[in-house]
Protein chains: 2
Amino acid sequence: MWGITPFDSSYDTGCPSISVKWAVSLMTERKVRPQRSDWQRNHKRLVAVAAALVARDGAQVSLEEIAREAGVGSATLHRHFPSRHALLEEVFQDSVAHLRRRAGELADKDPRTALLTWLEELTVAAASTRGLAAVLDAADSTASYSHTCHGIVREATEGLMSRALQVAAVRPGVSPDDLITLVQAISQATEGDPPAAGRLLRLALEGIRHQ
Amino acid sequence: MWGITPFDSSYDTGCPSISVKWAVSLMTERKVRPQRSDWQRNHKRLVAVAAALVARDGAQVSLEEIAREAGVGSATLHRHFPSRHALLEEVFQDSVAHLRRRAGELADKDPRTALLTWLEELTVAAASTRGLAAVLDAADSTASYSHTCHGIVREATEGLMSRALQVAAVRPGVSPDDLITLVQAISQATEGDPPAAGRLLRLALEGIRHQ
DNA sequence: ACCTGAACACCGTTCAAGT
DNA sequence: ACCTGAACACCGTTCAAGT
């Protein structure tokens, strides 16, 4: 609808310079900046409160309570975040960015160690941080867009895995999705018990069978 | 409060035989039998409806809907089943009994094959039957009472595992709880996708690492 | 003793009414 | 354009009132 604007040549207040100034002011001051700052403020508060409450109560925390605690109406929360998952995505954005950086660091190590260390650290991190395991679930990620938490972790895993495959460090026929599902499953089941998460992941890496 | 009853020697209606008959009738006809048949009918209906709706919607199905569908008040459901888990326990009683029988059959095989087959079949079964994975979660089982779904599966796993340990078929340091948690984690994460459940369980059995 | 309707305190979602 | 209160249709739980 930007085709119809006050800047149309048929529109003339007799004081065009002020009109333009007003229009610009409306766009930059009232429409874009202040509303955006409102949005930014609400957005920041919602994500911060959500992070605190998810850490306390887990991924199933009441959205109503998040909105209440952030001092906004629940309708505002739903306007910004169309789904619980959308909010969780933002909550764990930084954590996942940190994990991706860690994957980059590990790329210096030999491919086998790099992948195995990554999988273990990822599992322990997800079990240590309430709600993080939930956000790694492939089913909740609408698609595997690379900017989602799941997508970012998937890409990092793929990178380390492709190098590991070149030195035959991974059993043939295993897909990145298999590994991520396994990590997600273990971390979800051991949420709040990181030692158990590490133990089970190592168990799956080495195999339950002896010899 | 059974210490105080109409049968107390100080209680005399002057027609003791009828009084006793009435009391017996009350206990057997009115109090015990008919109420018990009410209970049995409601109990059976609730469990049957719950089984159908859990199969359709998963473990998080609305209890309200179960009560509605069974034609009882939701208060009646809560009277019979103090928690969602208590209801799920009954829903999967038969499934778990069947699994236990299967574990008994497998005891004929060599210890290594028996345990590995058991773990895979258990995982695939739990991933195939909506809600079953949820009921295997140790956290939801108040204690590891052997009559709970979790307890029964745990006992069966322990039996097969102790034999497998004697022939060193299982990596040292692995506990039955580790195995059950792993099975639960994988089946929960792959609910509705039994092939994926089997693939991931075999992956964990053999190990992700190559060689 | 057992069952139930009703009440209670929630929840997530939507939308007309405000600014 | 954005926010909000209010309404809506739920949910699980509890309990007084019935039989």
Side-chain angles (χ1 to χ4, degrees), chain A residues 1-2 4-6 22-47 49-50 53-54 56-88 134 140, chain B residues 1-2 4-6 22-47 49-50 53-54 56-88 134 140:
Chain A
M1 293 306 140
W2 289 104
I4 300 166
T5 75
W22 176 85
V24 169
S25 155
L26 180 69
M27 283 180 66
T28 57
E29 299 299 326
R30 285 220 207 127
K31 199 163 71 184
V32 178
R33 196 143 59 74
Q35 287 166 356
R36 177 163 172 178
S37 85
D38 269 15
W39 185 88
Q40 278 183 340
R41 195 186 68 235
N42 285 335
H43 180 269
K44 275 184 71 174
R45 294 191 63 169
L46 281 168
V47 173
V49 169
L53 294 187
V54 167
R56 194 191 69 185
D57 297 341
Q60 289 307 310
V61 62
S62 154
L63 298 180
E64 205 75 17
E65 190 178 356
I66 292 172
R68 217 182 300 132
E69 195 82 12
V72 303
S74 67
T76 300
L77 185 150
H78 283 91
R79 161 175 279 268
H80 288 328
F81 304 99
S83 69
R84 176 183 296 273
H85 189 259
L87 178 57
L88 291 177
D140 293 342
Chain B
M1 293 308 138
W2 288 105
I4 301 166
T5 72
W22 175 85
V24 169
S25 155
L26 181 69
M27 285 180 64
T28 57
E29 299 300 323
R30 284 216 209 130
K31 199 163 69 186
V32 179
R33 197 143 59 74
Q35 287 165 356
R36 177 163 173 178
S37 85
D38 269 15
W39 185 87
Q40 279 183 340
R41 194 187 68 236
N42 286 334
H43 180 269
K44 275 184 72 174
R45 294 190 63 169
L46 280 168
V47 173
V49 168
L53 294 187
V54 167
R56 194 191 68 186
D57 296 341
Q60 290 307 311
V61 62
S62 155
L63 299 180
E64 205 75 17
E65 190 177 355
I66 291 172
R68 218 182 299 134
E69 195 82 12
V72 302
S74 67
T76 300
L77 185 150
H78 283 91
R79 162 174 278 268
H80 289 328
F81 305 99
S83 69
R84 175 182 297 274
H85 189 258
L87 179 56
L88 291 177
D140 292 342

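Within every chain, numbering begins at 1; the chains are lettered A, B, ... in the order of the sequence lines, protein sequences first and strands thereafter.
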To the nearest Å, give me how far apart [atom1] ([X]) and [atom2] ([N]) are.
| X | N | atom1 | atom2 | result |
| --- | --- | --- | --- | --- |
| A:Leu88 | C:dG12 | CG | P | 12 Å |
| B:Gln60 | C:dG12 | CD | P | 14 Å |
| B:Asn42 | C:dA1 | CG | P | 18 Å |
| A:Glu65 | C:dC10 | CD | P | 10 Å |
| B:Arg45 | C:dT4 | CZ | P | 10 Å |
| B:Leu77 | C:dG5 | CG | P | 14 Å |
| A:Arg41 | D:dC2 | CZ | C1' | 11 Å |
| B:Arg68 | C:dG5 | CZ | P | 13 Å |

### Message
Run B:Leu87 and B:Ile66 through side chain to side chain contact (heavy atoms under 4.5 Å, CB included) and show every step you take.
### Response
CA-CA 11 Å; B:Leu87 179 56; B:Ile66 291 172; 3.9 Å; yes
Heavy atoms from C-beta onward define the side chain here; which of [options] lies closest to that of [X]?
| X | options | value |
| --- | --- | --- |
| A:His80 | D:dC3, C:dG12, D:dG12 | D:dC3 |
| A:Ser74 | D:dA6, C:dC3, D:dT13 | D:dA6 |
| A:Val72 | D:dT4, D:dT13, D:dC3 | D:dT4 |
| A:Leu63 | C:dT13, D:dG12, C:dG5 | C:dT13 |

### Query
What does C:dG18 pair with, Watson-Crick or G-U, if both distances are under 3.5 Å?
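Checking every strand shown, C:dG18 finds its partner in D:dC2, with both distances under 3.5 Å.
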### Query
Across all strands, who's sitting opposite C:dG12 as a Watson-Crick or G-U wobble pair, both distances under 3.5 Å?
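Pairing partner: D:dC8.
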May I ask you to test the [X]-[Y] pair for a side-chain heavy-atom distance under 4.5 Å?
| X | Y | answer |
| --- | --- | --- |
| B:Val72 | B:His80 | no |
| B:Val61 | B:Arg84 | yes |
| A:Leu53 | A:Arg56 | yes |

### Message
When you measure from the side-chain N and O atoms of B:Arg84 to the phosphate of D:dC11, is any distance below 4.0 Å, counting only OP1 and OP2?
### Response
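For D:dC11, neither OP1 nor OP2 has a side-chain N or O of B:Arg84 closer than 4.0 Å.
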### Task
Could you check A:Gly73 against B:His78 and say which one's nearest nucleotide on DNA chain D is further toward the 5' end?
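That would be A:Gly73.
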#### Entry: Residue closer to the 5' end of DNA chain D, A:Arg79 versus A:Glu64 (nearest nucleotide)
A:Arg79
### Task
Give B:Thr76 one of three labels, base, sugar-phosphate or nothing, depending on what nucleic acid heavy atoms sit under 4.0 Å from its own.
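Here B:Thr76 touches the bases of the nucleic acid.
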### Query
CD of A:Glu69 to CG of A:Leu46: how many Å apart, nearest 0.5 Å?
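Reported to 0.5 Å precision, the distance equals 11.5 Å.
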